[in-house]
Structure formats: C-alpha cells, structure tokens
Amino acid sequence: MSAIETGASDDDTNGASDGASAEAGADAELIRAELRSVLTSPDFSRAPIMKRLLCFLVEETVAGRGDQLKAYSVAVDGLGRAPDYDARADSYPRVQVGRLRKMLDNHYRTSSGPDDIRLSIPSGRYKVLLERPATSAEEPPEPLPPTQTEHRPSAVSSKLSFGLSLLLILVLVAGLGTAAAILLPLDDPRATNERPVLEVAGTTMARQSPLGARIRTVLINGLGRSLAFDLRPLTLSRASQTPPKNSPPARYRLGADLIDGPSPRLFLRLTQLSPDKLIWSGDVTLPPTERNDAAALDQRLATVIATIGKVDGLIAIHELQRSSGRQAIGYSCLLLYHRYRKQRLPEDRLHVETCIDRSLARTPDDASLQAAAAQLAMEKMSDPGVDAQAKAGYLLAARRHAQLARALDPYNGWTNATQARIALARGSCSQSSSFAQRAIALQPYEPNLLADVGTYLADCRDPDAEAVIRRAIAVGDDPSGRYHVPLLMLAVICDDRALAGEALSLMAPPVIGRPRGFYIMAAAGYGMLGDRAKAYAAWKQLERLDGAVASAPRSYLDRLGYSLATRRKIARDLAAVDLPPAR
C-alpha cells in the first residue's frame with residue numbers, strides 16, 4: 001500500500017502548485033468518503049467515542065493541521081475533555097488513539113481486500129494517512145472504482161476516463177475552489193430514491209402476555225412516525241406475512257422477543273433483508289410489570305425508536321451508504337439534507353441545495369422537500385455579508401416554501417418546526433410556540449427536531465422549553481452531549497447557574513462541522529459562572545475556528561435570528577470576563 005498524506009505542511013504551502021492543491025482536494029474527498037464507509041461498519045457504529053475521535057482526526061488532517069496535532073487538542077477537541085486538561089499528567093488521548101488504531105486494523109482485516117484504499121494512523125502520530133494499493137512501475141495505475149460500483153470498465157476506457165476526470169477536477173478546483181463532494185454526479189441510477197419498507201415482525205412476544213401487545217403498540221406507534229422508512233406491521237399468522245399486492249418488498253425487519261417476569265426484558269434485532277444481515281441488536285429492561293403502562297413503556301423504548309427511526313438513525317445511515325450520496329434525489333436527497341443539518345459541513349451545502357431544487361422540480365408536492373427548502377432559505381439569511389434586501393428575500397422564499405409544505409401535509413413534524421423558526425424570525429413568539437408544540441406532538445422521537453424547537457421555545461421564554469430540551473437529550477442519547485447546548489442557552493437566558501453548570505459538564509464540541517455557536521455559548525456559560533480560564537479557552541477555540549465571528553458574535557447571533565433580549569444576555573455574560581465586546 002502507498003500512503004498519501006492529505007493537507008500540506010508549512011513548507012508545502014509556500015511552494016505548492018495549483019495542481020498539487022487540486023490533488024490535495026481530491027485526496028481530501030477520498031479520505032472523507034472512506035471515513036463515511038468506516039463509520040457505518042458494525043464495530044464503529046457501536047463505539048461513539050471512537051467515531052468522534054476518528055472524525056476529528058480526519059477533519060484536522062484534511063484541513064492541513066494533521067502534523068500540528070498535539071495530545072491537548074486531541075483530548076479537548078477530539079474527546080471532549082475539559083479545557084483545563086493536563087496532557088503531561090494524563091495519557092488518555094494516546095490510549096484512545098491506540099484503541100482507534102487497533103479498531104481500524106481490525107476493520108480492514110475483516111471487511112476489505114488488498115486492493116482497497118484504507119485509513120491508517122502511524123504509531124506515535126495523530127495524523128491520518130490515506131493508503132492506496134501499490135502499483136507496479138511498468139504499468140500505470142488504474143483508477144479506483146467508485147463506491148458500490150458493480151461493473152469495472154475496460155482497461156483502456158478506465159485510463160482514458162481517469163485522465164479526463166483528473167483534468168476536469170483540476171480545472172474546477174483551481175477555478176472555483178469547490179470541494180469535490182459538491183461535484184458528485186446527480187444522475188446515478190443506483191441512488192435510493194424511494195423510502196424503504198421496515199417490517200415489524202409478528203413475534204412471539206405478543207402471544208406471551210398482554211405486556212407484549214402493549215410493547216408492540218408502542219413500537220408501531222413510534223416507528224410509524226419515522227420519515228426514514230415506511231412501516232409494515234406483520235400479524236402473528238405466518239400466512240399473513242406475504243406483502244400486499246403491488247407493495248414493494250421489505251428491505252428491513254425488526255424482530256423482538258420478550259422475557260416476561262417481575263422485571264421484563266425485551267430483546268430487539270434489526271436485520272437488513274436480501275441478503276440477510278444483522279445491523280443492530282439490543283435489549284431493554286422494562287419497569288416491573290405492575291408499572292408497565294403506556295407512558296412508562298414509551299419512556300423506556302423512546303431511545304430505541306429514535307435509534308432506528310430518526311432521520312439520521314440506523315436505517316437512514318444504511319440507505320445513504322447504499323447510494324453513497326450520489327444522485328441525491330427525492331428520498332435520498334432528504335437523507336443527505338438531514339446529514340448536512342447535523343454535520344454542517346460547508347462543502348456539502350451546495351450539493352444539498354442542488355439536490356433539493358432538482359427534487360422539487362420533479363415532485364413539488366413533497367411536504368418534506370418543501371420544508372427543507374424553507375430551512376435552507378433561512379440558513380442563507382445567516383450568511384456573512386447578506387444585506388437587508390437579500391435577507392428579506394430569503395425570508396419571503398422561506399415563508400413561501402413553509403406555507404406550501406404545511407398545506408401539503410399539516411401533520412409533518414418538520415413542516416411545523418420550520419414554521420416555528422420562521423415565526424420566530426418574524427418576531428412572533430406566540431405563533432412560534434404554537435407551531436413548536438405541534439411539531440413536538442407529531443415527532444416526539446426526533447432529537448434534532450426537539451433540540452431545534454426547544455431552542456425556539458427558550459428564545460421565547462416559553463415555560464415548556466426545558467422539558468422539550470430534556471426530551472431531546474433523553475431520546476438522542478448522544479455521548480458527546482450535543483443536545484446540552486440548547487440547555488445551556490436556556491440557562492444563560494434564565495440566569496440559572498445550576499443549569500449552566502450541568503450543561504457545561506456534559507456537552508462537548510461536535511467533531512464534524514464548524515461549531516461556532518457551541519463555543520459562543522460555552523464562553524457565555526463559563527462567563528456567567530465566573531470561570532475566566534475556561535471562558536477564555538472556549539473563546540480561543542472560536543477565534544481559531546472563525547475569527548470573523550469571534551470579532552462580532554452579536555452580529556452572528558443576529559443572523560441566526562435570536563431575539564434582541566437573548567443576544568443581550570449572551571453579550572452580558574461574555575463581557576463579565578472581559579472577552580471581546582459582542583458587537
């Protein structure tokens with residue numbers, strides 16, 4: 001295998017040619033594509049800390065900072081340790097990177113061939129390398145096949161295609177500076193354009209006791225709300241398991257077995273069908289039988305329902321993996337959109353906007369696509385340099401898409417969440433709260449939606465804000481504590497020091513994306529608590545990430561649509577520790 005180091009050192013930067021920059025950009029996309037493949041593997045799907053760490057190391061590497069990675073930044077930014085972490089007294093990052101190195105070796109040993117590209121982390125370093133198969137000196141290398149390609153072209157056409165593709169990439173990257181991910185083809189016939197079917201199998205649990213029937217009802221009620229798949233509950237009779245006429249075959253099946261007793265346990269298995277492959281399994285200990293009413297069962301099963309059914313959950317991840325993000329149209333475009341909303345990678349935005357526009361041109365009556373278009377228009381309002389006239393135009397476009405989405409499907413939770421955000425931007429808290437409450441009732445198992453509308457409710461000083469945010473935390477079950485950021489915002493708004501301490505102790509910056517809001521809120525929270533050292537540490541991270549936002553945070557918060565009262569509260573807590581004034 002030959003190793004490729006993405007990014008450039010200081011010396012490389014001074015003398016690099018346009019061709020080298022283009023090659024680095026192409027390598028960056030290869031390493032990101034391989035990262036996405038690794039993260040969906042069974043071992044990594046069950047190891048959130050390792051996923052977070054690998055994402056951080058990859059993003060630092062492709063940004064050209066791989067050689068500058070130190071134990072402190074790996075511990076604080078990559079593993080979520082507190083800013084006062086002492087790298088000299090604690091070997092935690094080195095131990096975790098060692099574990100990650102072994103997991104990568106095991107992954108490639110069991111799931112890849114000798115001709116596959118792979119990620120590696122050399123011993124004693126934190127920089128991630130992209131390894132390609134070694135090629136002979138006499139024979140020029142053939143291009144790597146795209147992900148999930150079924151037919152390899154002939155040698156002559158491969159070499160010609162590779163040369164033309166490389167030339168195209170060089171021209172586009174040099175001329176536009178646009179990431180290669182944005183340039184993914186939009187006409188790949190292998191894309192997943194229709195929602196898959198999930199069967200809830202007719203298991204033995206419902207025959208064992210009335211408790212089994214109640215569990216089945218809760219699961220079907222929760223999973224039936226998902227936008228990631230269509231649900232097909234199977235009856236207990238084997239004869240009834242044939243799909244209805246003209247119904248697509250199921251792609252996934254959820255099986256469950258109940259062990260009854262004083263403290264019942266439910267065992268669940270999510271399987272991909274044709275070919276059969278176990279994706280996930282888990283078990284849930286239920287409350288004692290006498291306390292197993294619908295509310296208690298929902299509380300215990302909510303995380304499982306969210307893990308399977310949320311728009312960035314297990315099935316959504318597998319569906320994106322099938323299409324590799326290519327020809328994102330219709331259903332697969334929505335999955336890509338929700339992944340972008342979670343990760344906020346700037347280089348993915350144009351690709352997402354393009355696929356939403358193309359999807360709406362084909363199916364303008366899709367409420368979810370209209371809601372996504374509204375959210376993207378709102379996002380453009382927060383771009384730097386947008387003047388008042390352009391901002392008003394984006395708001396008008398967002399309202400048009402949102403109103404059409406609600407007319408098409410008033411029972412879509414994301415549609416109502418979008419209406420809540422637009423009402424907030426227009427200064428109408430009463431309307432925003434009303435739409436937010438409706439969104440919560442329709443999609444109580446979507447932690448991203450709950451966190452969003454919880455933030456809107458907090459900005460409006462709604463008394464239900466904390467309960468909604470805590471529901472997002474409970475349902476999301478995110479080890480990085482990303483859903484604690486809205487809780488911290490609520491604490492700052494309400495001057496609640498205990499709540500701020502709780503949120504700060506549990507939240508960590510997301511590894512992928514540009515978490516500018518995270519560092520602003522962390523600095524404000526530590527400022528409210530009077531912890532100058534940690535406030536400065538958070539602010540330094542923000543300056544490193546985006547100096548323009550650090551120099552004018554109130555302007556950034558204004559572009560996000562926060563109310564004047566909220567912006568003043570945040571500015572006050574930043575000023576409490578003599579941080580740069582929130583202009």
Side-chain angles (χ1 to χ4, degrees), residues 72-73 75-87 344 382 384 424 451-452 454-462 465-466 469-470 472-473 478 480-511 513-583:
Y72 176 83
S73 60
V76 175
D77 299 326
L79 292 165
R81 284 298 178 96
D84 58 357
Y85 166 79
D86 186 355
R344 298 291 183 184
S382 66
L424 186 65
D452 285 349
T455 303
Y456 310 153
L457 293 173
D459 198 20
C460 288
R461 279 63 173 172
D462 190 291
E466 182 175 352
I469 296 171
R470 289 194 180 280
I473 293 169
D478 191 316
S480 71
R482 64 188 295 262
Y483 300 116
H484 284 80
V485 179
L487 195 67
L488 177 59
M489 179 177 169
L490 177 64
V492 169
I493 290 171
C494 299
D495 294 320
D496 191 327
R497 295 172 61 87
L499 192 62
E502 175 192 349
L504 286 165
S505 68
L506 294 170
M507 70 189 211
V511 175
R514 305 185 69 193
R516 294 166 292 196
F518 171 91
Y519 289 116
I520 290 177
M521 292 309 307
Y526 284 124
M528 184 175 71
L529 297 178
D531 193 330
R532 292 172 56 90
K534 291 183 178 179
Y536 272 114
W539 198 259
K540 190 163 184 64
Q541 293 289 343
L542 177 62
E543 288 179 328
R544 177 173 171 238
L545 182 69
D546 194 325
V549 170
S551 66
R554 185 181 290 184
S555 175
Y556 172 73
L557 295 172
D558 180 36
R559 295 199 305 270
L560 291 180
Y562 292 151
S563 67
L564 178 61
T566 294
R567 298 198 307 271
R568 284 176 173 170
K569 288 273 191 178
I570 296 172
R572 176 208 63 188
D573 290 328
L574 294 176
V577 286
D578 299 326
L579 291 173
R583 296 190 295 275

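All values below come from the heavy atoms of this structure, side chains included, with hydrogens, waters and symmetry mates left out.
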Under 3.5 Å donor-acceptor, R532 side chain and G530 backbone: no

F518 vs M507, side-chain contact (heavy atoms from CB on, under 4.5 Å): CA-CA, chis, key distance, verdict: CA-CA 9 Å; F518 171 91; M507 70 189 211; 3.7 Å; yes

Roughly how far apart are R461 CZ and C494 SG, rounded to 0.5 Å? 7.5 Å

Working to the nearest 0.5 angstrom, can you tell me the gap between L499 CG and E502 CD? 5.5 Å

Might you point out which heavy atoms bring L424 and C460 nearest each other, and give the distance in Å? CD1-SG, 3.3 Å

Least distance between heavy atoms, A500 atom then A491 atom: N-CB, 3.4 Å

Heavy-atom closest contact (M489 atom, T455 atom, distance): SD-CG2, 3.6 Å

For a 4.5 angstrom cut-off between non-hydrogen side-chain atoms, does R544 reach D77? yes

State, to 0.1 Å, how close Y483 and A451 come at their nearest heavy-atom pair, and which atoms those are. CD2-CB, 3.7 Å

Atom CD1 of I469 and atom CG of L487: how far apart are they, to the nearest 0.5 Å? 5.5 Å

Separation between CZ (R482) and CG (L506), nearest 0.5 Å, reads 15.0 Å

Those residues that, when tested against A458, pass side-chain contact (heavy atoms from CB on, under 4.5 Å) (two or more places apart): A465, L490, I493

NE2 on H484 to CD1 on I473, rounded to 0.5 Å: 3.5 Å

Residue pair D495 / R572, side-chain heavy-atom distance below 4.5 Å: yes

For A538 and A523 the tightest heavy-atom approach is CB-N, 3.9 Å

Using side-chain contact (heavy atoms from CB on, under 4.5 Å) as the criterion, list what pairs up with A548, not counting sequence neighbours. D546

Could you tell me the separation between the CG atom of L529 and the CZ atom of R497, rounded to the nearest 0.5 Å? 5.0 Å

Test of understanding: with side-chain contact (heavy atoms from CB on, under 4.5 Å), list the residues that count as partners of D531, not counting sequence neighbours. Y526, A533, K534

Closest non-hydrogen contact found for M528 with D496 is CE-O, 3.6 Å

